[in-house]
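Everything on this sheet refers to the single structure shown next.
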Amino acid sequence: MPPSSIEQPPPTERPSARTTVAPTLTDRLARIASGLIGGPLGDHAVDPPSRRYWTPVRVILLTGLIAFAINWLQKYPCAAGGWTDWSQYTQACYTDIRALWGAERLNEGFVPYRDHPVEYPVLTGWFMGILGQIAFRLGNVLGTDGGPIFWHLNAIVLFICGAAAIAILHKIREDNRRTDLPGPNPDPALVYSRPSRPWDAMMLAAAPVVLVTATVNWDLFAIALSMPFFLYWQRSRPIMAGLFLGLAVAAKFYALLFIGPLLVLALRQRKLLPALQATATAAVVWAVVNAPVAYLWRDSWMRFFELNSERPVDWGTGWYVLRGITGWEKLWDSEYVNDLYLVCFAVACLGIAALGFFAGRRPGAPGLRGIATADDLVPRLAQLCFLVVAAFLLFGKVWSQQYVLWLVPLAVLARPKWGAFLLWQAAELFYFFSFYGKMLQVSAEEEGRGIPEWLFLTAAGSRWIMVAVMCALVVQEILIPRLDPVRGLRLRPKREAAIPPPRATSDPAPAEAP
């Protein structure tokens with residue numbers, strides 16, 4: 001939590017002894033993979049390297065741009081529209097952006113909310129509306145279909161948003177400041193006591209799911225708005241944190257889930273004012289963005305809320321898998337599932353709140369002995385945010401393929417370890433391609449194409465299990481902070497074996513000869 005409710009600039013000087021984490025020395029998988037480029041950092045390497053141009057942030061951003069370029073190529077076959085022979089499924093290139101060009105009547109020059117109800121929060125509606133107007137007018141001037149123009153414009157802006165999110169995540173982990181210190185003016189040496197981890201941002205830049213989901217929808221826009229919330233909160237600037245939180249919620253509602261963990265940690269540390277400032281600012285910003293649309297076109301504005309309450313169990317959710325395995329007919333009833341989902345999610349949130357409030361209250365408990373201060377035992381905000389968003393997806397009745405992008409940056413902030421992260425990513429890719437196989441089977445049923453139901457259930461179930469495993473690992477690191485790489489806590493020192501006394505000798509050494 002921030003040390004003061006007053007907006008303060010960050011300290012300009014950092015302790016000279018602060019260390020920068022080398023992934024090849026701290027992460028087993030990174031160490032093994034480094035063999036492809038010469039091996040891990042050696043004893044005689046210059047650390048940090050005396051590089052001039054290829055700084056960590058530039059290497060990471062280049063990796064991200066390459067990933068975005070691959071995504072562009074992967075979606076390119078669907079950019080022109082007019083999909084034939086189910087090519088959007090056979091090539092796994094479907095994107096909501098291209099499909100909604102016609103579905104939201106942007107191809108007719110309609111303005112979202114004013115001329116046609118939109119199923120997205122206001123800021124995302126404005127995003128698509130502005131680019132829709134540009135594409136529509138360019139298409140008229142050039143005498144061509146504006147659909148491909150619309151998709152390419154969206155892809156360019158979304159890639160810029162993705163690069164911004166990567167750069168901000170890099171800055172968060174490069175500073176890696178402590179926000180759990182008591183008092184209004186903590187010692188800068190304690191603020192920067194955690195090791196710098198700039199290379200953690202590579203996990204977002206190189207996440208395999210980015211290759212196929214970056215432009216399925218407008219989620220990168222919301223992610224780019226949500227990352228500054230964590231940056232400014234880390235810098236003890238709650239007003240700026242609340243500003244970006246409000247914008248993120250106005251783009252995608254999932255960011256609203258960050259407020260619960262924020263308040264739980266504030267209550268635990270008895271520093272409510274900064275959290276309330278951030279929350280109030282977020283509410284005001286959200287209201288300012290939404291008020292004009294809600295006042296002028298109320299029915300269109302309400303469409304988002306009505307759709308989410310009416311939607312039945314969607315493909316690939318935990319409820320879909322449970323229904324497929326058990327044949328439970330009640331799960332076809334959307335109202336019943338709504339109630340069941342709310343109960344399960346509420347119970348999960350209560351459990352996460354209890355974890356955030358009580359974890360580490362007993363410093364002498366097994367696994368906690370030897371930690372320097374009680375402040376080291378306070379769970380980190382990103383850990384609790386990851387758990388809440390993951391619970392929302394695990395128990396939700398809608399889990400679209402691109403929602404994985406919500407979790408990736410939170411997973412990097414919560415648990416920057418490559419091993420389980422890549423296993424989870426593999427499960428997500430398995431589900432991504434299985435989803436299109438299932439859509440092909442449903443759409444071209446008479447032709448006998450697609451994949452069988454059991455394979456789709458396996459893919460959806462594996463994704464559910466891997467997200468649950470990631471949650472369990474984060475919980476483990478909350479309960480045993482030494483396992484948390486972000487804190488950089490020393491492992492419990494081993495007891496040194498007692499030095500045995502010298503044995504008495506029956507024949508002492510002879511005296512020196514004369």
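Positions are given from 1 along the sequence.
For the ring-ring contact (aromatic ring centres under 6.0 Å, His included) test, residues two or more places apart in sequence or in another chain that qualify with F258 are F229, F230, Y254. Listed by chain and number, the residues in a salt bridge (charged side-chain N to carboxylate O under 4.0 Å, His left out) with E453 are K438 (sequence neighbours excluded). Scored by the salt bridge (charged side-chain N to carboxylate O under 4.0 Å, His left out) test, D314 finds R311 as partners (sequence neighbours excluded). Scored by the salt bridge (charged side-chain N to carboxylate O under 4.0 Å, His left out) test, D219 finds K252 as partners (sequence neighbours excluded). Checked against ring-ring contact (aromatic ring centres under 6.0 Å, His included), W424 has the following partners two or more places apart in sequence or in another chain: F421. When the side-chain hydrogen bond (donor to acceptor under 3.5 Å, both in side chains) test is applied to Y120, the partners found at least two apart in sequence or on another chain are N217.
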(request) Apply side-chain contact (heavy atoms from CB on, under 4.5 Å) to R197 and D200, showing your working. (result) CA-CA 6 Å; R197 302 183 57 89; D200 285 354; 2.7 Å; yes
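Going from atom CH2 of W315 over to atom OH of Y431 covers 9.0 Å, rounded to the nearest 0.5 Å. Between atom CG of residue L457 and atom CZ of residue R323 there is a gap of 10.0 Å, rounded to the nearest 0.5 Å.
The local environment of CZ in F392 is sparse, with at most 12 non-hydrogen atoms from other residues, nucleotides or ligands closer than 6.0 Å.
Evaluated for a salt bridge (Lys or Arg N to Asp or Glu O under 4.0 Å) with D484, the options R194, R380, K417 yield exactly one hit, R380.
Aromatic ring centres of Y320 and F456 lie closer together than 6.0 Å. You'll find the ring centres of Y89 and F435 outside the 6.0 Å limit.
Classification of the W406-Y403 ring pair by plane angle, with boundaries at 30° and 60°, yields parallel.
A salt bridge links R415 to E477: one of the charged nitrogens lies within less than 4.0 Å of a carboxylate oxygen.
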